[in-house]
Novice: 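This is the structure, below, for whatever I ask next.
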Amino acid sequence: MSRAPRPRPRLPLRWRRPQPWAQQRPTWRDARPAVIADAVKAALARPSGNWYVLGAARDIAAGRAVGRTVAGVEVVAWRDAAGRLLAGPGACPHLGAPLALGPVHCGILRCRWHGLALDGAPFAGWEPFPAHDDGLLAWVRLDEVGGELPLPEPVRPVRPRPAGTVAAVHTTTGVCEPEDVVANRLDPWHGAWFHPYSFADLTVAGSPAGGEPSEGFTVEVSFRVAGRAVVPVTARFTAPEPRTVVMHIVAGEGRGSVVETHATPLGPDDRGRPRTAVVEAIVATSHRPGFALARAAAPALRPLMRAASARLWRDDLAYAERRWELRSTGRFPG
């Protein structure tokens, strides 16, 4: 006789006795440098099709242009009259004016210096870049920079249906290379030690064999809510392309939710050090009927989601920047 499924708890919270930080089980023996290095190496070898994340799609609104620098290339992005994302070199082909400062009217970008108009088609030596809006993030394809076989669309992870989610995007910048951001995410062992305000009871239940990132790292972890209240989940970290690491919640509360971490190289700072933008997209979902209330409150929740991401990345950028500093001076032990 089959056993009836256990009913889902009314609340997703569990109660844990707080453990002093220094009394956690050390994870440094498990976080073997060779395992992390192999996972990073395998991730960097995967194809990207020369696509780079510009930022949140909602930040490129109708009626105005946005400028970005990607891998040292000045990029301007805007939307045509139908709302389609357009992108191209950020310098006007006439005398090099910054096109990102030009107004957009009815989908036409007009240079502020002399009025040269661009509708996204090639003109006067100005050639557009392929652009893609996936509904959450805006991407640009830079074939000369990437040097790979171009792909028609970015390599993107599976996301839950937008109609059943609350999504937010946070962007920050650090002095490091995309590799260092990827390495941070492919070291799940640091979570409860480096972020005790967010994580507890973290166990890495599975790591990729031979560093193959498609197999991923499986982590059992409890997200701290307040005091002794936690939400336990099982998460899997994978790297679908060389500048992206994705965390999928595969079991527990919020199953199907996704956190995508995208690392976009910007170019050197005034001291010649590399700068990288970390664009993190959080896509939360739940099968609980009450999640409809959360979706209704999405405008109020998005700033809270971005704030939580910002707090984590204040620490994780310190990790990535330190890693780059050691690598660049030949002192990295990993």
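Heads up: numbering here begins at 1 and tracks the sequence.
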Novice: Under a 3.5 Å cutoff, is there a donor and acceptor pairing between the side chains of T173 and R275?
Specialist: no

Novice: Is there a donor-acceptor contact under 3.5 Å from the side chain of T234 to the main chain of E220?
Specialist: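 Not at all, since once roles are kept as given, no pair shorter than 3.5 Å links the two residues.
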
Novice: Quick check: do V259 and H248 have side-chain heavy atoms less than 4.5 Å from each other?
Specialist: no

Novice: Rounded to the nearest 0.5 Å, what separation is found between the CH2 atom of W51 and the CZ atom of R243?
Specialist: 12.0 Å

Novice: Does a side chain donor of either T329 or R331 reach within less than 3.5 Å of an acceptor in the other side chain?
Specialist: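 Side chains of T329 and R331: pair found under 3.5 Å.
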
Novice: Heavy-atom count check: over 12 atoms from other residues, nucleotides or ligands less than 6.0 Å from E127 CD?
Specialist: yes

Novice: What are the two closest non-hydrogen atoms of L149 and N50, and how far apart are they?
Specialist: C-ND2, 4.3 Å

Novice: May I ask you to decide whether R156 forms a salt bridge with E260, counting only side-chain N to carboxylate O separations under 4.0 Å?
Specialist: no

Novice: Can you tell me if R161 has over 12 outside heavy atoms packed within less than 6.0 Å of its CZ?
Specialist: no

Novice: If only atom types and distance count, is the side chain of S222 paired as donor or acceptor with the main-chain N or O of V230 below 3.5 Å?
Specialist: no

Novice: Return yes if some donor-acceptor pair links the side-chain N/O of R141 with the main-chain N/O of F129 below 3.5 Å, else return no.
Specialist: no

Novice: Using a strict 4.0 Å threshold on nitrogen-to-oxygen distance, state whether D316 and R185 make a salt bridge.
Specialist: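 Yes, charged N to carboxylate O under 4.0 Å.
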
Novice: In this structure, would L44 and V35 fall into the same cluster of hydrophobic residues linked by side-chain contacts under 4.5 Å?
Specialist: yes

Novice: State, yes or no, whether a side-chain contact exists between V221 and P232 at a heavy-atom distance under 4.5 Å.
Specialist: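 No - every pair of side-chain heavy atoms lies 4.5 Å or more apart.
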
Novice: How long is the straight-line distance from NE2 of H262 back to OG1 of T171, given to the nearest 0.5 Å?
Specialist: 10.0 Å

Novice: Let me check something: do I60 and L266 share a hydrophobic cluster, defined by ILVMFWY side-chain heavy atoms less than 4.5 Å apart, either directly or through other members?
Specialist: no

Novice: Give the minimum heavy-atom separation between P47 and E241, together with the two atoms involved.
Specialist: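 Heavy atoms only, the tightest pair is O-CB, 3.6 Å.
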
Novice: Rounded at 0.5 Å granularity, tell me how far CZ in R25 sits from CG in L202.
Specialist: 9.5 Å

Novice: With distance as the sole test, does S286 use its side chain to make a donor-acceptor pair with the main-chain N or O of R288 at under 3.5 Å?
Specialist: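 Checking the backbone N and O of R288 against the side chain of S286, a donor-acceptor pair under 3.5 Å is found.
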
Novice: May I ask you to say whether R327 pairs ionically with E177, meaning some side-chain N is under 4.0 Å from a carboxylate O?
Specialist: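 Salt bridge flag = yes for E177 with R327.
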
Novice: Do H190 side-chain atoms and D187 backbone N/O form a donor-acceptor pair below 3.5 Å?
Specialist: yes

Novice: Compare every heavy atom of R46 with every heavy atom of P240, then report the nearest pair and how far apart it is.
Specialist: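 That closest heavy-atom pairing would be O-NE, 3.3 Å.
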
Novice: With side chains defined as the heavy atoms from C-beta onward, is the minimum distance between W113 and P98 less than 4.5 Å?
Specialist: yes

Novice: What about F217 and W189, are their ring centers closer than 6.0 Å?
Specialist: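 Ring centroids of F217 and W189 are less than 6.0 Å from each other.
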
Novice: Can you list the other members of the hydrophobic cluster that holds F194, where links are side-chain heavy atoms under 4.5 angstrom apart?
Specialist: Y319

Novice: If the threshold is 4.0 Å, N to carboxylate O, is there a salt bridge linking R68 and E74?
Specialist: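 Here R68 does not pair with E74 in a salt bridge, since their nearest N and O are not under 4.0 Å apart.
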
Novice: Linking Ile, Leu, Val, Met, Phe, Trp and Tyr through side-chain heavy atoms less than 4.5 Å apart, which residues share a cluster with V104?
Specialist: V76, W78, L86, L99, L109, L116, L118, F123, W126

Novice: With ILVMFWY side chains joined below 4.5 Å, transitively, what does V175's cluster contain besides itself?
Specialist: W324

Novice: Distance only, no hydrogens: is a donor on one side chain within 3.5 Å (strictly under) of an acceptor on the other, for E280 and T261?
Specialist: yes

Novice: Show the numbers, then the answer: is there a side-chain contact (heavy atoms from CB on, under 4.5 Å) between V70 and L142?
Specialist: CA-CA 9 Å; V70 178; L142 302 176; 3.7 Å; yes

Novice: Got a second to check how far M247's CE is from I282's CD1, nearest 0.5 Å?
Specialist: 9.5 Å

Novice: So, are R84 and D133 salt-bridged, with charged N and O less than 4.0 Å apart?
Specialist: no

Novice: So P160 and V283, do their side chains get closer than 4.5 Å, heavy atoms only?
Specialist: yes

Novice: Identify the heavy atoms of L151 and S48 that sit nearest to each other, and give their distance.
Specialist: CD1-C, 4.1 Å

Novice: Is it possible for you to say whether V219 and I36 belong to one hydrophobic cluster, with membership spreading through side-chain heavy-atom contacts below 4.5 Å?
Specialist: yes

Novice: Begin from the C-alpha positions of D59 and V66 and carry the test side-chain contact (heavy atoms from CB on, under 4.5 Å) through to its verdict.
Specialist: CA-CA 8 Å; D59 289 345; V66 171; 5.8 Å; no

Novice: Got a donor-acceptor contact below 3.5 angstrom from the S257 side chain to the G254 backbone?
Specialist: yes

Novice: Do F223 and F237 belong to the same hydrophobic cluster, where Ile, Leu, Val, Met, Phe, Trp and Tyr are linked whenever their side-chain heavy atoms lie under 4.5 Å apart, directly or via other members?
Specialist: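 Yes, F223 and F237 fall within the same hydrophobic cluster.
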
